[in-house]
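Here's the structure, in structure tokens; my notes come after.
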Amino acid sequence: DPGMEIEIAVRKFEVPHRFSPETLAQAGALPDKVRPVDKRGRVDLTDVPLVTIDGEDARDFDDAVYCEPFKRGRGKTAFEGWRVIVAIADVSHYVKPGEPIDKDAYERATSVYFPRRVIPMLPEKLSNGLCSLNPGVERLCMVCDMLITAGGEIHAYQFYPAVMFSHARLTYTEVAAILQNTRGPEAQSRKSLVPYLLNLHDVYRALLTARNTRGAVDF
């Protein structure tokens, strides 16, 4: 039967594929969305147009990005470059050391992807829900907020917990089409986000130049 090869592989390589009853009970008790109490002590980034960029068949979205030009000061202390925000889902808010979910996740170590099936490291309520930066909903995240120079050097950075709101779930194909033709149909459907995608592309090119200068190997 189709899919039997997956069942064989799972058992042959002893891939953990059943969550413990304790883990399922703990996951079931989690909230369905971010609550006011969860936001305490976090920076509110819900107005920042962060977006996720993944493959077409991605089911969970664990990082989001944003970029804007940044200028500060004059003379020798002047800075010109970009402010870049990278946000990742804050799993640690929901998964605490020693708890059932943590123990199961530790045993699994990673999600395992098959052509027609995924064996997640975390229960679906977390992997595709609370810890997935889905568009149009608030999510808890950890942020690296950076200033990057025109030469591609990290000028300053800080880390902090935040609350974000993904403004779009984009794909690599879609973003490539937008960058190739900013007046095309893909760009028109994401008109408000195009300037930020162009900013991200600009800082990417600066980082790539700095990477080449360092002699990094590009496969």
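What you see is a predicted model; the values in this text were computed from it and never measured.
Applying the ring-ring contact (aromatic ring centres under 6.0 Å, His included) test to residues at least two apart or on different chains, none of the pairs has a partner in residues 90-127. Within the structure, ring-ring contact (aromatic ring centres under 6.0 Å, His included) pairs that include any residue of residues 134-156 comprise Phe79-His155 (at least two apart or interchain). Each side-chain hydrogen bond (donor to acceptor under 3.5 Å, both in side chains) pair with one or both residues in residues 197-206, not counting sequence neighbours, appears once here: Asp202-Arg205.
In the hydrophobic cluster analysis, where Ile, Leu, Val, Met, Phe, Trp and Tyr join through side-chain heavy atoms closer than 4.5 angstrom, Leu207 is grouped apart from Phe70.
Look at Asp54 and Arg169 and you find no salt bridge, because none of the NZ, NE, NH1 or NH2 atoms lies under 4.0 Å from a carboxylate O. With salt bridges taken as basic N to acidic carboxylate O contacts below 4.0 Å, none links Glu107 and Lys103.
Rounding to the nearest 0.5 Å places CD1 of Ile178 at 6.0 Å from OG of Ser189. The distance from atom CZ of Arg190 to atom CD of Glu174, rounded to the nearest 0.5 Å, is 4.5 Å. Atom-to-atom distance recorded for Arg139:CZ and Asn134:CG is 5.0 Å, nearest 0.5 angstrom.
Remark: His17 pairs with no residue by the ring pair (Phe, Tyr, Trp, His ring centres under 6.0 Å) rule, at least two apart or across chains. With sequence neighbours excluded, no residue forms a ring pair (Phe, Tyr, Trp, His ring centres under 6.0 Å) with Phe61.
Val217 belongs to a hydrophobic cluster whose other members, connected by ILVMFWY side-chain contacts under 4.5 Å either directly or through intermediates, are Phe219.
In terms of modelled atom types and a separation under 3.5 Å, the side chain of Thr23 and the main chain of Pro100 share a donor-acceptor contact. A donor-acceptor contact shorter than 3.5 Å links the side chain of Asp38 to the backbone of Arg35.
Of all heavy-atom pairs spanning Leu193 and Val51, the tightest one is CD1-CG1, 3.9 Å. Contact detail for Leu30 and Leu130: the closest heavy-atom pair is CB-CD1, 4.1 Å.
Side-chain contact annotation: Glu138 with Thr46, donor-acceptor N/O pair under 3.5 Å absent.
In the displayed structure, Arg11 atom CZ is contacted under 6.0 Å by more than 12 heavy atoms of other residues, nucleotides or ligands.
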